[in-house]
Amino acid sequence: MRHSDWQTTLARRRELSTAERRQLDAHLAECAECRATAEAYTLQSALLQALPSLPPPAAIRQAVLAPVPASPRRIHLPAFSPLAGLALAVALAAGLVLAFRAQAPPRHRTSLPTSQATSRPMSVAKSAPATSRPRPFHHKPTPGGHQPATPVQAPLPTGVPTPLGPSTGLASVPATTPPAGAAPTLTVGSALTIQPTATSRVHVTSVRPTATPLFNLPAGFSPGRAPVPTPTLVPAGRGEVPTASPLPTSIPAAQPLVPTPVSLVTPGIPAAQPSPTPPRVTSAAQPAPTPIPVPTSPAP
Amino acid sequence: MVIAIAEARLVPDIDIPYEDQIVALMNEWERAIYNFLFVLLHDTDAAQDCAQDTFVRAYENLRRGRPVNSAWLFKVARNRAMDEFRKRKRVQTDLEAVEQIPVHEPTDRVLAVRQVLEQLSPADREVLYLFDVAGFKTDEIGEMLGARGAAIRQRLSRARERFRALYGAES
């Protein structure tokens, strides 16, 4: 054992075991330096223990024991668990929410415009607030994906179960099939009742395709307003590969541009009949398009 | 000032009301905690504040049914003293703290020991006090300060050597 190890042992001499104390005494008998250290440490402990003890100020006890009541005997309840407190807080919050919903008027998140009918007006029990956000209007998924808001005028579907969106309370009540001869009624929620006739004006705010159709439109449903025709590109039929045709030498200036179908050249397909459509005319100033070479198979 | 803490561990008795337990704790350890804080802080006002906070926390623990013993008291008092050090940003080492001690006729030896303690670091002071005066074992001090017993033994040995050197210079 090194000298520093004996020094550490001497520093904690009070807590040594019997065996450690015996080893230390044997070392002290033959080491004068460690004996001097042992005497210094013993004096040190005596000096520290001889320090006068200061009486603590009475203010400490007064401040600590002030809230303690004079009567010491009382019934002690078990410690309040934080988990139980959390559960109690959640239960209270749920109760408050339920009570508020039972008493507060229903909120309308839909902003349907004023419904119009040709012969019988629709009855809207309560209108939505002006600042409310329009509720998404779900229907069958369409190939076009998300479509912008487009007001359409269409006959309301009758006799078709229409479970609307599941998000709000207004959408949880499906339309019911009216009995034969009765006016069809579309009931949305508990406050909005629509009694349409032939046509109704429905403002479609958004269409979101979903995996599960939430609103099944009838097979014959079509928007009342004619859709805006959009130019479509009609691809040429398979095999109709345009071949290089001679460009006209002179083109009348007033001749209108005629759209041509978009066609693809598939390698390996032999040249077919010339396209019946006239050649594409872009402009007189632009160079003529280079005809696409069609690979031809060598003659046998 | 010899405090035999090791033989007087307080185990909270659930049959005793916490109001009685805090009174018993203060009767037993108020003076020791206050003097320990004074040795660390060298400021009677700071020692009083820290001791008061320590026993208020002990009262709250007992009220919640949690055990409080002497090791817990010294640990809380020591941590509170460390907070006080951080608040001050310095360790008071001048002689004003010694002069404000209400000690009747302090001997030269007592003054010398106090001056030596003031020149030691708070870590040296606390380990010396907890071992020699409060009577804790090194393993118990390690648990109290969040260190291993071997580290506390090394720290105690170094603190003794520093005290020895300073006291030899003072006397």
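So you know, we letter chains A, B, ... as the sequences are listed, proteins then strands, and number each from 1.
When B:Asn27, B:Thr54, B:Leu37 are compared by the number of non-hydrogen pairs under 4.5 Å with chain A, B:Asn27 comes out ahead. For the set A:Ala11, A:Ser4, A:Ala59, the entry with the most heavy-atom pairs within less than 4.5 Å of chain B is A:Ala11. In terms of non-hydrogen atom pairs under 4.5 Å with chain A, the most contact-rich of B:Val113, B:Val56, B:Asp139 is B:Val113.
Using bins of under 30°, 30° to 60° and over 60° for the plane-to-plane angle, the ring pair B:Tyr129/B:Phe74 lands in the tilted bin. Ring planes of B:Tyr59 and B:Tyr18: perpendicular class, angle over 60° (limits at 30 and 60°).
The side chain to side chain donor-acceptor pair (under 3.5 Å) test with A:Gln44 singles out one residue from B:Glu161, B:Arg160, B:Arg164, and that residue is B:Arg160.
Using a 4.5 Å cut-off between heavy atoms, B:Arg109 touches chain A through its side chain atoms alone. Looking at A:Thr9, neither its backbone nor its side chain comes within 4.5 Å of chain B, counting heavy atoms on both sides.
Cation-pi geometry between A:Arg14 and B:Phe131 is met: under 6.0 angstrom from the ring centre, within 45 degrees of the axis.
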Report the C-alpha separation of A:Thr8 and B:Arg153 in whole Å, then their side-chain angles, then the decisive distance to 0.1 Å, and conclude whether the side-chain hydrogen bond (donor to acceptor under 3.5 Å, both in side chains) test is met.
CA-CA 7 Å; A:Thr8 304; B:Arg153 285 186 278 275; over 6 Å; no
